[in-house]
Amino acid sequence: MKTINRRLALGTISLMAMMAGASFASAAEIRVLNWQGYGTDEAFAVEAFEKKTGTTVVHDYFTSEQEMLTKLRTNPGAYDVVLVNSAFTGQAKAEGLITKIDTSDISNFADLAPNLGQNADLVPGGDVYGVAWTWGVTSLTVNKDVVKPAPTSLNVLWDPQYAGKVSIRDDGVEAVQFAALATGQGINDIKDLDAVKAKLKALMPQIKTFWSSENDWNQFFSAGDFVVSTFWSGGAGRSASKGLPVEFIVPEEGAIGWLDSLAIPTASTHQAEARAFINWMIDPEFYVKWAANGAPSSASNKANAALPDTDFNKVTLGDPAVVARVQFMAPLSDDTRKAYLELWQDVKTAQ
Amino acid sequence: MALTARQTNALRAGVLLSPAYLWLTVAVFLPLSAMLFFSFLSAAPFTTDDWHFTTSNYTAFFSRSLYPDLLGRSLLLSAVVTLCCVIIGYPCAYVLAKQIKGRSREALFLLIILPFWSNSLVRIFSWAIVLRGNGIIDHTIEAILPVDVSINLMFSFPAIVIGLVHSYLPYVILTCYLALQAIDDTLIDAARSLGAPFRTIFVRLILPLSLPGLAAGAVLIFVPVAGSFMEPRILGGRMGTFYGTVIEDQFVAVFNWPLGAALSFILLAVVLVILGAASPVLRHAR
């Protein structure tokens, strides 16, 4: 009974949304679903796009990936462009929420870094279901005043020289994935969990404390609690711009990456305009302006190359060889997530 | 219709008690019942439609030595914190109740209750600043003594104990103060006039009479500390994994509400057993 009521309610809402979409959306309006303040809604970008194409851009926002999926499910036809993290592309495709994108009229598509633009999660079986847009990395970050020369291996976390001066985030999945990298395994295909566990156990005596937020990290780093740590590329960029002596390194073993893409909902009625908007979003002209306001790294090699040489993203992640080393997080099942957390709890408790 | 005196009393009691019981029902009983319900599910109903009743969350506790080990560690932390609070708080309460009179007592009281006026997170973070190596303690000692010191208590078991003792000390002072103040001074005078030394007066008179307050304070501290997670996480660093932090992980990191709820109820049961075992002592005290 409850489900029937819910279905009825959702059906009514989606019907209303469709009618609203039909009556308000003229040919010259597209609706974008994204996180608030995340690039697509930059005022200059929306204005420039309208001037160029005559298409106006309206935004709606989500606050979690689950909410994004729910909005697509319950409001078919209400959105024309949606931001989908690569770990969720498979699910959205399987539910029929997003459609195959014809990239022939997305002229900037060819400039995308090959392992981003052709990422297996975004382009299953050769069909593009998401155009790679921005990406970031969780990787090694050191205090460059203390750790000289800059390390090239993740094993600096295990270096006895820095015992008691090391930190990682208190997160089971991330800890396991870093240990996997350090033991030469892929983060999405961990075969030897015993080796991971042994590696993490060996890491424990090295660690001063765990960090959990960017603010934490900056405080601990400034107080000298650690000199070698894991950190987010975006956070490291902000810390560096505040004057902290941070050096962000993508080591030879690789790093943990996330990748956001722009997708087109199956029920979109303005797919051509949507493709034009996506093309604008990966255009170097747009990206350089956005980067001045603080943007994550672009998936487009050409856009990154157009950045000023002092830009943090360009310095640390601009080299295509670095991009090629990054391993992007695939979706994780609840059972795997649980197993990783249990392993992490065991390691933390056994010290 | 005239009410008898007894009916009037019952009515008045009902009116006076109902807000408290209504509140307890809404704010304590209902959420706890929901959690008890969750603890017997295979998955939280709002994440999936595919759930059923199971006791596997409770058997999970015994399937890995991790949970019992952590529970033991948390109970040990509770015992240490409670003991420290009693050792520090009881003499303080005694002096306040028996030695100091008048306005200075009010001022001292204010100082004791002061920690309650600030947010607990703020308190813990300020301890983080104090305990950190090369922090305030080091600088102060270096300013007084011409030696290089480095006292780095941050991210250790003592740091967690210090933070928790600071947070919970007022409970034991307040409950002991009330019990000590209720002791009639003439009793002590009588004992003294019969030639009893202070040690005898304390052991035979003051301690037994104030034991209910002491016990109440100890219970008020022991129970919440056993489930504490915020203080160990912030002050404990890599040593900060306790039963409470594992429960928190279940709720915020893996969204396994049923397991988190089951672990919480096991903690509740263990605490009740401990209190039950201690109840003869408490009853004797009364």
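Keep in mind that the numbers below use all heavy atoms, side chains included, and drop hydrogens, waters and symmetry copies. Please read these numbers as outputs of a predicted model, since none were measured by experiment. Chain A is the first sequence line, chain B the second, and so forth, proteins listed ahead of strands; every chain is numbered from 1.
Annotation: side chain of B:Gln250 is in contact with side chain of A:Leu341 (closest heavy-atom distance under 4.5 Å). Side-chain contact between B:Phe155 and A:Phe220 is present, with heavy atoms from C-beta onward closer than 4.5 Å.
Summarising the geometry of B:Arg64 relative to A:Glu342, their closest heavy-atom pair is NH2-O, 3.0 Å, with the distance given to 0.1 Å.
Top candidate by heavy-atom pairs under 4.5 Å with chain B, chosen from A:Gln219, A:Lys338, A:Met204, A:Arg337, is A:Met204. Interface check for chain A: of the options B:Leu259, B:Thr245, B:Asp249, the most heavy-atom pairs under 4.5 Å are formed by B:Asp249.
Atom OG1 of A:Thr349 and atom CG of B:Leu70 lie 4.0 Å apart (nearest 0.5 Å). To the nearest 0.5 angstrom, A:Gln345 atom CD is 12.5 Å from B:Asp69 atom CG. The CZ atom of A:Phe210 sits 14.5 Å away from atom CD1 of B:Ile234, with the distance rounded to the nearest 0.5 Å.
The 12-atom threshold is exceeded at CZ of A:Phe88, counting heavy atoms of other residues, nucleotides or ligands nearer than 6.0 Å. Taking a 6.0 Å sphere around NZ of A:Lys191, one finds it holds 12 or fewer heavy atoms contributed by other residues, nucleotides or ligands.
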Could you walk me through whether B:Arg233 and A:Asp170 satisfy the side-chain contact (heavy atoms from CB on, under 4.5 Å) test, starting with their C-alpha distance in whole Å, then the side-chain angles of each, then the deciding distance to 0.1 Å, before giving a yes or no? CA-CA 10 Å; B:Arg233 218 179 255 289; A:Asp170 189 4; 3.0 Å; yes
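Panel note: side chain B:Arg238, backbone A:Ser167; no donor-acceptor pair is recorded below 3.5 Å.
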